[in-house]
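Notes follow the structure.
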2 protein chains.
Amino acid sequence: MTNEMIYNPHVSVDCVVFGFDGSKLKVLLIERTINEQNELYNDKKLPGSIILTDEDLDDAASRVLTELTGLKNIYLSQFRSFGNPKRTDNPRDILWLENTTQLKIGRIVTVAYVALIKIDRKIQFKSEISQANWYDLNEVATMNLAFDHAEIIKKGLEYIRHSLDIEPYLLFELLPRKFTLSQLRSLYDTVHQTNSDVRNFQKKVALWAYVVALDEMEEGVPHRAARLYKFKRTPNP
Amino acid sequence: MTNEMIYNPHVSVDCVVFGFDGSKLKVLLIERTINEQNELYNDKKLPGSIILTDEDLDDAASRVLTELTGLKNIYLSQFRSFGNPKRTDNPRDILWLENTTQLKIGRIVTVAYVALIKIDRKIQFKSEISQANWYDLNEVATMNLAFDHAEIIKKGLEYIRHSLDIEPYLLFELLPRKFTLSQLRSLYDTVHQTNSDVRNFQKKVALWAYVVALDEMEEGVPHRAARLYKFKRTPNP
DNA sequence: ATATCTTATTGTAATAAATACATTATTCAA
DNA sequence: TTGAATAATGTATTTATTACAATAAGATAT
């Protein structure tokens, strides 16, 4: 992002990017360093950006993700806007905003998105402008985050739990392209905070037309290999 | 609203206010008159307002509803933001904005809310600044609305259908304080676009702890009077 | 008073969906 | 070849959902 860009200084987008490492939900955060009276202060923030003049909200969110990870075609969904005037009350946040944008910034209303990423996709974590890392969701609760980003993550998690509940095929945005039923069940149970019975779960999945068995098995595991499955988009999933 | 108020000129809120008249869903719209080169042009818009400096989004939405209807304690839920740069492309909309706010207005990102109102609540339709009216949702599809308000209504309807589906007790925000099971079923079927069997529906409702029978019957109907019920907030509805 | 009209109220059987529960199979590694 | 680890699979029970129609009550008209 260059300095010539024209900002709309009152509106930003922030992305809560979720991944699943096989047993835990992860969230992607950006390292932030603030030079505060020559003391360096480090914390984390959500990937986000002030929107550009003439840029649609969804486009801004896509841009942020592409700039950050190098990825395109990511599942992205707007879930809520945050506009509490106090959300920009921390002088440290204002300092960081004004340093990075070269603008005098007052209040910012942010439009928040969730994104789901297959955690095995090769992400370029380090870009010209930022360094990203995956963090355990639990861990995040105890971390110091910029602005109201802790709250945004919490609401994003609620939203995505809810979405995955009513649109189970979104689960596949978080799984590798080929996956085992154990992986699927593990993810399902993680997001639903349940502990499914293996047999009942497989019966349930058998009814999902969009999960198809492959003629391939898992490899390199020190025990019986499981069958691999893939997600297949159906007319009306 | 007076002229001394300070606006945050890039962000507004708009409210999609739903009511139920016993057989149809209604939406509350504001009459708008634009003086366009001495030709008066009339159309409708959603109740809304640019947010004030230091005003939270939810507060702005509540303010709009109170200014408009005189009502407080209305169910209100943020559902989506609309920020397409083209949404303020119509010169008529810009003209109206600049006339009413006395500000030079470019693009506006709006945060949209749905509100549910018991249609029998006494609304003060005519305020100092506006005249409101209920319109059939069907009718609205064929009407000329300001900005992208037609789209906002459509999305608001999707959202509320969905919310009522997973939180059935929200239905009671749309019903009179005392209601019959026929009214409840009629509303339920209207929002779900279904046609429930009477017996099965009553069995379903019998399982809803938050619907309690009263010792009162309907009055003034030219046929057998139905029992009245009320909604009772339960520990965990 | 009686018939008629309109809407209210109620139960049962059939089907489908969700749950509880344990054994055998396969592969790798020691 | 044995042990360790995880994969794969079926049946009976319970619960939820659906389909379906006759009688009851109050108001109005004759």
Side-chain angles (χ1 to χ4, degrees), chain A residues 20-24 164-169 171 175-176 178-231 236-237, chain B residues 20-24 164-169 171 175-176 178-231 236-237:
Chain A
F20 180 67
D21 72 355
S23 65
K24 281 181 174 163
L164 288 168
D165 204 17
I166 56 176
E167 304 173 310
Y169 51 89
L171 289 168
L175 287 174
K178 298 175 182 182
F179 52 87
T180 67
L181 292 187
S182 289
Q183 290 176 310
L184 177 56
R185 183 164 49 86
S186 165
L187 171 58
Y188 182 95
D189 281 342
T190 300
V191 302
H192 290 82
Q193 301 180 95
T194 52
N195 188 6
S196 301
D197 174 83
V198 187
R199 282 166 291 188
N200 292 340
F201 184 79
Q202 305 223 9
K203 264 186 291 183
K204 186 207 303 273
V205 171
L207 300 174
W208 293 353
Y210 41 85
V211 176
V212 301
L214 295 173
D215 225 9
E216 273 178 83
M217 308 302 264
E218 216 180 359
E219 281 175 22
V221 287
H223 52 75
R224 176 174 175 184
R227 178 170 297 278
L228 290 173
Y229 291 76
K230 69 170 186 179
F231 171 61
N236 196 11
Chain B
F20 180 67
D21 70 356
S23 64
K24 281 181 174 163
L164 288 168
D165 204 17
I166 56 175
E167 304 174 310
Y169 52 89
L171 289 168
L175 287 174
K178 298 176 182 181
F179 52 86
T180 67
L181 292 186
S182 290
Q183 290 175 310
L184 177 56
R185 182 163 51 86
S186 164
L187 171 58
Y188 182 96
D189 281 342
T190 300
V191 302
H192 289 82
Q193 301 179 100
T194 51
N195 189 6
S196 301
D197 174 83
V198 187
R199 280 166 292 187
N200 292 339
F201 183 79
Q202 306 223 8
K203 264 185 292 182
K204 185 207 304 274
V205 171
L207 300 174
W208 293 353
Y210 41 85
V211 176
V212 301
L214 296 173
D215 225 11
E216 273 179 83
M217 308 302 264
E218 215 179 1
E219 280 175 22
V221 287
H223 53 76
R224 177 175 176 184
R227 180 168 296 278
L228 290 172
Y229 291 77
K230 70 170 185 179
F231 170 62
N236 196 12

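Computed from a predicted model, the values in this text were never measured in an experiment. Each chain gets a letter, A, B and so on, in the order the sequences are listed, and its residues count up from 1.
- Put simply, CG on Leu184(B) is 15 Å from C1' on dT9(C), counting in whole angstrom units.
- Counting to the nearest Å, the C1' atom of dA8(C) and the CG atom of Leu214(B) are 16 Å from each other.
- When rounded to the nearest whole Å, the span between CZ of Phe201(B) and P of dT18(D) equals 13 Å.
- Across all non-hydrogen atoms, the minimal contact from Gln183(B) to Lys178(B) is OE1-O, 4.3 Å.
- Rounded to whole Å, atom C1' of dT15(D) lies 15 Å from atom NZ of Lys204(B).
- The nearest whole Å value for the distance from the CZ atom in Arg185(A) to the P atom in dT6(D) is 11 Å.
- Residue Arg199(A) contributes atom CZ, which lies 14 Å from atom P of dA7(D) at whole-angstrom precision.
- Residue side chain Lys203(A) reaches the base of dT19(C) through a donor-acceptor N/O pair under 3.5 Å, judged by distance alone.
- Note on Val198(B): a base of the nucleic acid sits closer than 4.0 angstrom, heavy atoms only.
- Counting atom types as modelled, Arg224(B) pairs a side-chain N or O with a base atom of dA8(C) as donor and acceptor under 3.5 Å.
- One can place CD of Gln202(B) at 16 Å from C1' of dT17(D), the figure rounded to the nearest angstrom.
- Leu171(A) has its side chain within reach of Trp208(A): a pair of non-hydrogen atoms, C-beta onward, lies under 4.5 Å apart.
- Here the side chains of Pro168(A) and Tyr188(A) are not in contact, with every heavy-atom distance at 4.5 Å or above.
- Here dA20(C) is the nucleotide among dC28(C), dA20(C), dA8(C) with the atom lying nearest to any side-chain atom of Asn200(A).
- In this structure, the CG atom of Leu207(B) is 13 Å from the P atom of dT15(D), given to the nearest Å.
- In this structure, Ser182(B) reaches the sugar-phosphate backbone alone: every heavy-atom distance under 4.0 Å involves primed, P, OP1 or OP2 atoms, never a base.
- Nearest-nucleotide positions on DNA chain D for Val221(B) and Arg227(A) put Arg227(A) closer to the 5' end.
- Panel note: side chain Thr190(B), backbone Ser186(B); a donor-acceptor pair is recorded below 3.5 Å.
- Each of Ala225(B) and Met217(A) lies near DNA chain C, and the nucleotide nearest Ala225(B) is the one positioned closer to the 5' end.
- Within 6.0 Å of CD in Glu167(B) there are more than 12 heavy atoms belonging to other residues, nucleotides or ligands.
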